Participant: 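Just dropping this structure here.
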Amino acid sequence: MLTLPDTPCALVLRTDFADEGAWDAVRAASIAPSVDGFAASLSFVSDSAFADLSPEQVAALPMVTYRSFLFLVDNVTVTDPETPIVALDLLHEPGRWFRVVPAEMWSVENNLSIANMDFFEFADAADPDGVFRSFPQ
């Protein structure tokens with residue numbers, strides 16, 4: 001049975017395997033420090049067993065260890081110029097998701113990992129196209 005893997009940091013799960021270079025670029029951009037020096041603590045999993053799964057399908061998978069959220073790199077991520085990554089809620093509203101640009105991965109991951117903010121705060125702050133780019137100034 002397919003289960004979400006146990007990882008030491010926030011899980012970034014690859015579901016699109018069409019472009020190895022795009023996967024590498026997304027990984028690098030996701031862990032790049034912000035201008036203030038903050039960085040996301042991420043564990044990247046590239047396992048073709050997860051190919052083409054939707055956020056809803058991933059949210060329904062059993063977990064080896066508890067996690068409240070995870071990230072998905074899907075076809076939109078690797079084909080859209082902004083490379084928006086799916087952030088998926090597994091706790092309060094399992095299956096709810098939004099996209100986040102790699103430059104803001106640190107903000108989402110850092111705050112959700114320490115429960116400083118809730119998933120809905122980021123999801124509700126996403127732009128009308130469903131992508132979180134930052135909080136309004």
Side-chain angles (χ1 to χ4, degrees):
M1 171 180 240
L2 192 59
T3 60
L4 292 175
D6 183 16
T7 57
C9 300
L11 174 61
V12 180
L13 186 63
R14 184 180 186 184
T15 64
D16 183 280
F17 293 82
D19 187 337
E20 199 66 31
W23 166 246
D24 292 340
V26 167
R27 288 186 316 165
S30 298
I31 60 172
S34 71
V35 295
D36 296 325
F38 294 103
S41 295
L42 304 172
S43 293
F44 297 91
V45 173
S46 178
D47 180 341
S48 62
F50 297 99
D52 302 320
L53 291 181
S54 69
E56 295 78 16
Q57 290 170 312
V58 171
L61 293 174
M63 297 180 229
V64 173
T65 55
Y66 170 80
R67 53 178 84 248
S68 63
F69 69 97
L70 60 79
F71 299 103
L72 300 176
V73 174
D74 64 359
N75 181 261
V76 172
T77 305
V78 299
T79 58
D80 186 293
E82 281 190 298
T83 61
I85 299 158
V86 173
L88 178 61
D89 187 2
L90 300 173
L91 178 63
H92 297 292
E93 297 177 69
R96 183 177 184 190
W97 58 276
F98 63 91
R99 291 186 180 275
V100 56
V101 293
E104 288 297 321
M105 288 287 286
W106 70 269
S107 178
V108 175
E109 183 278 321
N110 288 192
N111 285 292
L112 293 181
S113 290
I114 63 170
N116 185 51
M117 295 178 73
D118 289 318
F119 191 90
F120 77 88
E121 294 177 90
F122 289 98
D124 291 351
D127 291 336
D129 62 356
V131 178
F132 178 79
R133 294 178 177 88
S134 70
F135 287 104
Q137 298 301 323

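Note that the coordinates shown come from a computational prediction; the quantities given were computed from them, not determined experimentally. Scope of the values below: all heavy atoms of this structure, side chains included, with no hydrogens, waters or symmetry mates.
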Participant: For residues Phe135 and Glu121, report the shortest heavy-atom separation together with the two atoms involved.
Facilitator: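 Phe135 and Glu121 have their closest heavy atoms at CE2-O, 3.6 Å.
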Participant: Please round to the nearest 0.5 Å and tell me the distance separating atom CG of Asn75 and atom CG of Asp80.
Facilitator: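 Those atoms lie 10.0 Å apart.
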Participant: How long is the span from the CZ atom in Phe132 to the CG atom in Asp124, to the nearest 0.5 Å?
Facilitator: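 With rounding to 0.5 Å, CZ (Phe132) is 11.0 Å from CG (Asp124).
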Participant: Hydrophobic clustering (ILVMFWY, side-chain heavy atoms < 4.5 Å, transitive) - are Trp23 and Ile31 grouped together?
Facilitator: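 Same hydrophobic cluster.
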Participant: Less than 4.5 Å apart, side chain to side chain, heavy atoms only: is that true for Phe69 and Leu91?
Facilitator: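 No, every pair of side-chain atoms sits at 4.5 Å or beyond.
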Participant: Work out which heavy atom in Arg67 is nearest to a heavy atom in Cys9; give both atom names and the distance.
Facilitator: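 Distance-wise, the nearest heavy atoms are NH1-O, 3.9 Å.
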Participant: Test side chain to side chain contact (heavy atoms under 4.5 Å, CB included) on Phe38 and Asn110 and set out the steps.
Facilitator: CA-CA 9 Å; Phe38 294 103; Asn110 288 192; 4.0 Å; yes
Participant: How far does CZ of Arg27 sit from CE of Met105, to the nearest 0.5 angstrom?
Facilitator: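 Reported value, rounded in 0.5 Å steps: 12.5 Å.
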Participant: To the closest 0.5 Å, what do you measure between CE (Met117) and OG (Ser107)?
Facilitator: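 Spacing of CE (Met117) from OG (Ser107) equals 6.5 Å.
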Participant: For the atom pair CD1 (Ile85) and CZ (Phe71), what is the distance rounded to the nearest 0.5 Å?
Facilitator: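 Ile85 CD1 to Phe71 CZ: 7.5 Å, rounded to 0.5 Å.
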Participant: Please give me the minimum heavy-atom distance between Trp106 and Ser34, naming the atom from each residue.
Facilitator: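 For Trp106 and Ser34, the tightest heavy-atom pair comes out as NE1-CB, 3.5 Å.
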Participant: Does CG belonging to Asp52 count more than 12 external heavy atoms closer than 6.0 Å?
Facilitator: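 Counting neighbours around CG of Asp52, 12 or fewer heavy atoms of other residues, nucleotides or ligands fall under 6.0 Å, so no.
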Participant: So, for Thr83 and Pro102, which heavy atoms are closest and what is the spacing to 0.1 Å?
Facilitator: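 For Thr83 and Pro102, the tightest heavy-atom pair comes out as OG1-CG, 3.2 Å.
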Participant: Would Leu42 end up clustered with Val78 when hydrophobic side chains under 4.5 Å apart are linked, directly or stepwise?
Facilitator: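 Leu42 clusters together with Val78.
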Participant: Quick check: closest heavy atoms across Phe98 and Ala126, and the distance to 0.1 Å?
Facilitator: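 Nearest pair, atom of Phe98 first, then Ala126: CB-CB, 4.5 Å.
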Participant: Kindly give the cluster partners of Leu72, where membership spreads through any ILVMFWY side chain lying under 4.5 Å from a current member.
Facilitator: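 The other cluster members (ILVMFWY side chains, heavy atoms under 4.5 Å, direct or chained) are Leu2, Leu4, Leu11, Leu13, Val45, Phe50, Leu53, Val58, Leu61, Met63, Leu70, Val86, Leu88, Leu90, Trp97.
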Participant: Quick one: does any side-chain atom of Ser48 pair with a main-chain N or O of Ala51 as donor and acceptor, under 3.5 Å?
Facilitator: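 Flag not set: sc Ser48 to bb Ala51 has no pair under 3.5 Å.
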Participant: For side chain to side chain contact (heavy atoms under 4.5 Å, CB included), just list the numbers for Asp24 and Phe44, CA-CA rounded to whole Å, side-chain angles, deciding distance to a tenth of an Å, and then say yes or no.
Facilitator: CA-CA 10 Å; Asp24 292 340; Phe44 297 91; over 6 Å; no
Participant: Over all heavy atoms of both residues, which pair between Asp19 and Ala22 is shortest? Give the atoms and the distance, please.
Facilitator: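 Between these two residues, the closest heavy atoms are OD1-N, 2.9 Å.
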Participant: Applying salt bridge (charged side-chain N to carboxylate O under 4.0 Å, His left out), can you list everything that pairs with Asp74, at least two apart in sequence or on another chain?
Facilitator: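 Applying salt bridge (charged side-chain N to carboxylate O under 4.0 Å, His left out) to Asp74 gives Arg99.
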Participant: My understanding is that a hydrophobic cluster links ILVMFWY residues whose side chain heavy atoms are under 4.5 Å apart, including indirect links. Using that, what else belongs to the cluster containing Ile114?
Facilitator: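 Result for Ile114 is none, singleton.
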Participant: Hey, is the main chain of Ser41 close enough, under 3.5 Å, to the side chain of Glu109 for a donor-acceptor pair?
Facilitator: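 Yes; judged by distance alone, with no hydrogens or angles, the pair exists.
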Participant: Got a donor-acceptor contact below 3.5 angstrom from the Gln57 side chain to the Ser54 backbone?
Facilitator: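 Yes; at least one donor-acceptor contact below 3.5 Å.
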Participant: Any non-hydrogen side-chain atom of Asp127 less than 4.5 Å from a side-chain atom of Arg133?
Facilitator: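 Side-chain contact under 4.5 Å: yes.
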Participant: Between CG of Asp118 and CG of Asn111, what distance do you get to the nearest 0.5 Å?
Facilitator: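 One finds 10.5 Å between CG of Asp118 and CG of Asn111.
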Participant: So, the side chain of Asp16 versus the backbone of Val73: is there a donor-acceptor pair under 3.5 Å, distance only?
Facilitator: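 Pair absent, no side-chain N/O of Asp16 close to backbone of Val73.
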